[in-house]
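Before any comments, here is the structure.
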Amino acid sequence: MILAITAIALLVAMAMTLLRAILGPSIFDRILAANAFGTKIVLFLGVYGFLTERPDFLDIALLYALINFITTLAILRFFESGVLFVKSDEESN
Amino acid sequence: MKNSLVLSALLALFWLLLSGHYVVFTLILGLVSVVLIVWLNHKMGISDEHTLPVSLLKRLPNYWRWLFVEIIKSNLHVVKKIWQPTLDIEPQFTTVSSPFKTNLVKVIHANSITLTPGTVTVAVDDHVLLVHALTKQTLDSLNSTKMNDKLTTLEKDL
Amino acid sequence: MWELFILYSSYTLLLLGSFLSLTFGLGLLRFPDFYSRTHAAGVADTLCAALIIFGLSLQSGFNLVTIKLFLILIFLWFTSPTSSFTLASTAYRSGYGIKNNSSKRAE
Amino acid sequence: MEQAIDIILLGFLVVVAIAVVKQRDLFASVILFGIYSLLSAAIFVSLDAVDVAFTEAAVGAGISSILILSTLALTSRNEKPSSHSVFLPLMVVLVTGATLVFGTLDMPAFADPEAPVHKHVAPRYIQDSYQEVGMPNIVTSVLASYRGYDTMGEVVVIFTAGVAVLLLLSSVRHKEDELSNLTDLKHHPILLNVAQILIPIILLFALYVQFHGDYGPGGGFQAGVIFAAGFILYAMIIGIDEIRKTFTPKYLHWLSVTGVVLYIGVGIVTLLLGGEFLNYNVLAEEKLTGQHWGIFLVELGVGITVTATMLSLFLSFSEVRRTP
């Protein structure tokens with residue numbers, strides 16, 4: 001029961017994060033939201049594993065915890081090289 | 001050499017904790033894997049003795065205990081700010097001195113600041129960190145010398 | 001008696017964690033600018049994750065599952081400040097959201 | 001409860017999909033697409049397809065966004081507004097969709113135990129695979145043993161796709177001095193230090209996934225992607241030139257051929273030993289030992305090919321400069 005409540009709370013938080021990712025307004029807000037969504041999924045997978053009494057799903061959560069930040073680094077790298085940010089649009093102020 | 005030994009020990013421990021299947025074949029595979037990674041690590045120069053010195057490993061648990069309490073405190077502060085009916089925050093940039101000699105301690109400093117909600121490290125310079133703070137109070141906690149003291153103990157004879 | 005205590009502690013931790021995850025969502029929507037929102041994300045990455053993972057590990061007893069849960073938490077606490085920093089510094093270098101001072105970079 | 005979670009997650013998926021389509025800024029689309037992949041992994045978990053979820057997690061978190069970003073760096077950031085009318089494409093989509101929905105009317109209900117798919121080979125896999133193959137994880141038995149042909153095809157597809165992309169990119173490659181060395185991030189002390197600690201852990205985790213496919217979710221495909229992600233992290237932070245010292249393009253191509261050859265080689269050995277192609281029973285005296293070795297070697301081949309292909313894709317993308 002409590003596990004179910006936790007799962008639902010995480011789902012609601014995911015929905016809010018999703019809203020932020022869609023609303024933006026800047027690209028950084030979207031990346032922040034996507035990153036936070038990753039954390040939420042990690043926790044959700046853990047809770048879901050316990051909810052269905054199969055905690056062996058933890059490997060997937062562990063994988064996300066380990067490599068979810070690689071994409072953020074890739075974004076920084078492309079930023080440094082100036083390829084993706086040359087065309088600044090609505091968020092340039 | 002010493003670095004490789006420490007790394008092998010840590011990786012072997014990691015493998016044993018992950019695996020959960022202690023039969024000869026998997027254990028041999030684990031041994032082969034650890035050797036392969038340590039060899040790659042040596043060949044490609046991924047980590048060296050400055051990455052995670054043993055003397056630091058011994059002191060870290062103490063620091064983490066302190067940091068955990070700080071994280072709880074600052075979390076309560078930010079949570080209060082989020083639920084307040086009127087939004088009462090003064091977001092601003094500020095600088096914090098980071099007078100540490102080793103890169104690693106500087107990294108721990110920057111990441112500790114980010115880990116305590118209410119403050120996020122934005123840029124790292126030689127001896128200065130640029131930090132974004134959410135409120136006046138988090139700003140004050142940044143300027144208190146507590147964290148610097150703790151980190152100085154951490155850095156001693158590194 | 002002891003088991004009951006463990007169970008209720010686990011429930012308390014999980015409920016607190018759920019509350020914090022909602023708080024994070026609210027903060028993410030409510031805060032006015034990008035840099036403030038990173039602080040809300042900090043709540044989710046640190047204490048919320050810790051509470052939920054502690055709560056789960058109390059339920060599993062002490063075995064490999066618990067250890068994996070703790071590994072998840074350690075890795076999260078390693079990677080999440082790193083990605084927050086990366087993101088904030090990228091935004092800062094691009095001059096995003098720094099209106100009032102002259103340090104704005106035109107890139 | 002579980003059904004409710006499925007429906008909520010699927011709802012999220014639809015919302016993200018619409019947002020991706022609506023978004024004109026391709027960079028933002030990539031970010032949203034990352035969320036899409038996180039969600040699909042969660043849905044696969046809730047549908048009990050743990051191995052698929054693992055693949056989705058590895059590919060989504062480690063590789064796909066990076067490869068899409070690399071592609072984006074070669075083109076432009078904003079989508080060109082479409083110049084022709086949307087009427088015809090819309091009609092085509094509507095008609096196709098309607099046909100598909102009409103087709104589903106004849107399908108058995110979701111999770112119906114009487115559905116033909118559950119009556120065909122599935123009972124045999126579930127009931128007999130442990131006696132016949134000896135793996136606790138049925139998915140691995142099916143993937144590497146019962147349907148070894150299919151998996152071999154998949155490995156060859158990955159190999160071929162890698163070769164095709166490399167050929168395409170080589171035609172736009174510029175002169176040596178024009179190569180853009182996308183900046184490495186070595187001068188960020190935080191990133192450097194965290195990466196130095198994490199890279200060995202990620203690589204070891206990949207090997208753990210490679211060698212524990214018998215027991216739980218995992219296997220060559222996932223392990224290969226995670227291994228490559230570890231090296232991509234290395235390339236991004238410590239430097240492309242440094243990684244080239246260990247993994248020259250020639251060496252990588254050689255590696256990805258090795259994986260395919262190892263897979264097919266196992267098949268040829270079983271032929272020579274008097275069995276059918278990829279019938280591992282003949283590899284050892286004991287039937288199950290043979291199966292165990294066969295699956296081990298085949299998965300290893302998959303892992304090697306996937307790692308080498310992913311890594312050489314990333315490296316060759318990084319070499320190409322954006323055409324002005």
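Order of the sequence lines sets the chain letters (A, B, ...), proteins ahead of strands, with each chain counted from 1.
Here the CD1-CD1 distance, from D:Ile199 to B:Ile37, works out to 11.0 Å after rounding to the nearest 0.5 Å. In this structure, CD1 on B:Ile46 lies 6.0 Å from CG on D:Leu203, to the nearest 0.5 angstrom.
When the shell of 6.0 Å around CD of D:Gln131 is examined, it contains more than 12 heavy atoms from other residues, nucleotides or ligands. Within a 6.0 Å sphere centred on CZ of B:Phe25, heavy atoms belonging to other residues, nucleotides or ligands number more than 12. Counting non-hydrogen atoms of neighbouring residues, nucleotides and ligands closer than 6.0 angstrom, the CH2 atom of B:Trp66 exceeds 12 such neighbours. Summarising the local packing, CD of B:Gln137 is surrounded by 12 or fewer heavy atoms from other residues, nucleotides or ligands at distances under 6.0 Å.
In terms of heavy-atom pairs under 4.5 angstrom with chain D, the leader among B:Thr121, B:Leu29, B:Ile108, B:Asn103 is B:Leu29. Ranked by heavy-atom pairs shorter than 4.5 Å toward chain D, the options B:Leu11, B:Val124, B:Asn41 are led by B:Leu11.
Minimum heavy-atom separation, B:Ser33 to D:Leu204: CB-CD1, 3.9 Å.
Counting heavy atoms from C-beta on, the side chains of D:Phe231 and B:Leu40 come closer than 4.5 Å. The shortest side-chain heavy-atom distance between B:Asn111 and D:Val194 falls under the 4.5 Å cut-off. Between B:Met44 and D:Phe247 there is a side-chain heavy-atom pair separated by less than 4.5 Å. When side chains are defined from C-beta on, B:Val32 does not count as touching D:Phe211, because their heavy atoms never get closer than 4.5 Å.
Heavy atoms closer than 4.5 Å to chain D are found nowhere in B:Leu10, neither backbone nor side chain. Of the two parts of D:Tyr208, the backbone and the side chain both hold a non-hydrogen atom closer than 4.5 Å to a non-hydrogen atom of chain B. In this structure, chain D has heavy atoms under 4.5 Å from both the backbone and the side chain of B:Val34.
Relative ring orientation between D:Tyr215 and B:His21 is described as parallel, the plane-to-plane angle staying below 30° on a 0-90° scale split at 30° and 60°.
A donor-acceptor contact under 3.5 angstrom links the side chains of D:His212 and B:Ser19, judged on distance only.
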